[in-house]
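To start, the structure under review is shown below, and the notes come after it.
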Amino acid sequence: MKILVTGGAGFIGSEYVRALLGGRLDDGADASLQVTVYDKLTYSGNLANLAPVADDPRYSFVRGDINNAELLDLVLPGHDAIVHFAAESHVDRSIAGASDFVTTNVLGTQTLLDAARRNGITRFLHVSTDEVYGSIDEGSWTEQWPLAPNSPYSAAKAGSDLLVLSAHRTHQLDAVVTRCSNNYGHYHFPEKMIPRFITNLMDGKHVPLFGDGGNVRDWLHVSDHVRGIHLALTKGRAGEVYNIGGGTEMSNKELTERLLEACGADWGSVDNVEDRKGHDRRYSLDITKISRELGYAPQVEFRDGLAQTVQWYRENRAWWEPLKAKAAL
Ligand code: NAD
């Protein structure tokens with residue numbers, strides 16, 4: 001299979017590429033496997049994330065925007081599948097200014113869908129988020145839940161989900177959508193909570209905790225997420241949505257406690273800052289469908305995953321220091 005991975009230089013996309021070429025997703029069973037990363041290299045795209053596969057003859061990289069239909073028509077022929085990660089992905093940035101989110105997440109996804117159909121792509125996997133469901137006080141969202149996004153980021157992701165599903169209904173594109181919870185792990189851009197807290201605390205700096213810290217998130221190790229994505233790509237039913245969760249719900253306050261402990265710091269390093277506008281209170285995914293249909297189960301215990309992540313940031317200062325300096329974090 002020849003797969004084009006959009007956004008493959010980002011946090012999750014690069015894990016997918018490293019795992020796929022490393023034989024961790026299909027035991028290296030696909031002898032015809034080839035991977036093209038198609039990425040604009042925005043502030044969060046980083047070729048260093050792909051250094052471990054840079055010399056693999058099955059890998060190639062194209063710098064391009066998913067809004068560039070002409071370039072897509074040059075690159076796509078010969079590919080069987082698209083795994084679509086490319087997006088503007090940071091909620092706080094979408095609150096500061098939403099237009100890039102609409103341009104990439106909505107318009108870019110439609111441009112990619114049109115290019116997929118023109119170029120005879122036989123499978124399209126769209127990576128989305130649990131944030132499209134909004135916020136839930138009790139219980140968990142199944143895939144049938146109505147979409148009620150609250151931030152410009154999640155609204156733009158919801159728009160892209162609906163466009164992908166409509167391409168299936170209207171044009172019979174063989175498409176699947178996955179919606180995951182909050183990812184964590186290595187190569188995570190240090191503007192996001194876990195890597196930002198780890199790297200700040202390692203340097204003896206303070207960390208900002210939104211509001212009362214009572215917002216609850218489900219944490220999913222990035223290696224579990226990409227396994228779920230590959231299962232959905234290879235075995236999921238066309239036109240279906242699959243939730244992918246990690247089974248570890250906790251409040252931001254509890255997460256902060258664990259991060260302080262892991263980094264040898266205390267609450268004196270925490271600044272309580274004004275809550276994010278429109279901050280969703282709780283996310284919770286029901287993952288029965290992907291578990292029953294595709295045999296997915298998260299494998300990484302949060303305790304282990306967090307310890308490995310802290311260790312990785314300790315050992316890879318050369319990766320994150322320039323990113324923090326450039327983004328003035
Ligand atoms: P990321 O910001 O680390 O990576 C995004 C990548 O997309 C970058 O490499 C960037 O250069 C590229 N990109 C951005 N705009 C582009 C464009 N117009 N054309 C081509 N490439 C472009 O994001 P991530 O955390 O790896 O997220 C990947 C996907 O997973 C996104 O679709 C996001 O919505 C979704 N998701 C992420 C999380 C999470 O916890 N990180 C949770 C749920 C869903």
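Remember, it's a predicted structure, so these values are computed and weren't measured experimentally. Remember, it's 1-based here, ligands and their atoms both numbered in the order they're listed.
What sits closest to atom 40 (O) of ligand 1 on the protein, heavy atoms only, is Asn183 N, 2.9 Å. Among protein heavy atoms, atom 43 (C) of ligand 1 sits closest to Cys180 SG, 3.0 Å. What sits closest to atom 9 (O) of ligand 1 on the protein, heavy atoms only, is Asp39 OD2, 2.6 Å. Closest protein heavy atom to atom 4 (O) of ligand 1: Gly10 CA, 3.4 Å. Of the protein's heavy atoms, Lys40 CB, 3.8 Å lies nearest to atom 16 (C) of ligand 1. The single protein non-hydrogen atom nearest to atom 18 (N) of ligand 1 is Asp65 OD1, 3.0 Å, given as residue, atom name and distance. Among protein heavy atoms, atom 19 (N) of ligand 1 sits closest to Ile66 N, 3.0 Å. Of the protein's non-hydrogen atoms, the one nearest atom 32 (O) of ligand 1 is Lys157 NZ, 2.6 Å.
Where the criterion is an N or O separation shorter than 3.5 Å, residue side chain and backbone included, His188 fails it with respect to ligand 1. In terms of polar-atom proximity, Thr129 is not counted as a contact of ligand 1, lacking any N or O under 3.5 Å from an N or O of the ligand. Not one N or O of Asn182 is nearer than 3.5 Å to an N or O of ligand 1, by distance alone. Considering both main-chain and side-chain atoms, Thr42 comes within under 3.5 Å of ligand 1 through a nitrogen or oxygen pair.
Atoms of ligand 1 lying under 4.0 Å from any heavy atom of Ser128, numbered from 1 in the order shown and given with element: 43 (C), 44 (C). Numbered from 1 in the order shown, with element, the atoms of ligand 1 that lie under 4.0 Å from a heavy atom of Gly7 read 6 (C), 7 (O), 9 (O), 12 (C). Near Gly64, meaning under 4.0 Å from one of its heavy atoms, ligand 1 places the atoms 19 (N), 20 (C). For ligand 1, the atoms sitting less than 4.0 Å from at least one non-hydrogen atom of Leu41 are 11 (O), numbered in the order shown with element in parentheses.
A donor atom on one side chain and an acceptor atom on the other are found under 3.5 Å apart for Glu15 and His186. Neither side chain, Thr199 nor Lys205, offers a donor N or O lying under 3.5 Å from an acceptor on the other. Side-chain contact annotation: Asn49 with Trp319, donor-acceptor N/O pair under 3.5 Å present. For His84 and Thr6, the side-chain atoms include at least one donor-acceptor pair closer than 3.5 Å.
Taking the ring centre of Tyr184 as origin, the terminal cationic atom of Arg217 falls outside the region bounded by 6.0 Å and 45° from the ring axis. Geometrically, Arg93 engages Tyr43 in a cation-pi contact defined by less than 6.0 Å to the ring centre and at most 45° from the axis.
Atoms CG and CZ, from Leu260 and Phe197 in turn, are 8.0 Å apart once rounded to the nearest 0.5 Å. For the atom pair CG (Leu285) and OG1 (Thr142), the distance works out to 10.0 Å, reported to the nearest 0.5 Å. With values rounded to the nearest 0.5 angstrom, Ile244 atom CD1 is found 9.0 Å from Ile287 atom CD1.
Residue Asn67 places no heavy atom under 4.0 Å from ligand 1. Remark: distances from the non-hydrogen atoms of Val127 to ligand 1 include one below 4.0 Å. Taking a 4.0 Å cut-off on heavy atoms, Ser181 registers as neighbouring ligand 1. Ser14 does not count as a contact of ligand 1, since none of its heavy atoms falls under 4.0 Å from the ligand. The shortest separation from a heavy atom of Gly108 to ligand 1 is not under 4.0 Å, leaving the residue out of contact.
Within the 4.0 Å heavy-atom criterion, the part of Thr104 lying near ligand 1 is the side chain and not the backbone. Contacts of Ser89 with ligand 1, taken as heavy-atom pairs under 4.0 Å, involve the side chain alone. With a 4.0 Å cut-off on non-hydrogen atoms, His90 does not touch ligand 1 at all.
Of all heavy-atom pairs between Val53 and Tyr59, the closest is O-CD2, 3.5 Å.
In this structure, Lys289 pairs ionically with Glu240, as a charged nitrogen and a carboxylate oxygen lie closer than 4.0 Å. A salt bridge is defined here as a Lys NZ or Arg NE, NH1 or NH2 lying under 4.0 Å from an Asp or Glu carboxylate O, and Asp212 with Arg281 meets this definition. One finds a salt bridge joining Arg282 and Glu249 here, because a Lys/Arg side-chain nitrogen approaches an Asp/Glu carboxylate oxygen to under 4.0 Å.
Here the shortest heavy-atom distance to atom 36 (N) of ligand 1, taken over Trp219, Tyr184, Tyr153, Phe85, belongs to Tyr153. Of the listed options Ile12, Val91, Val5, Ile12 places a heavy atom closest to atom 27 (O) of ligand 1.
Remark: of the listed residues Asp92, Ile95, Thr129, Thr129 is the sole one forming a side-chain contact (heavy atoms from CB on, under 4.5 Å) with Tyr153.
With sequence neighbours excluded, the residues that form a side-chain contact (heavy atoms from CB on, under 4.5 Å) with Asp100 are Glu88.
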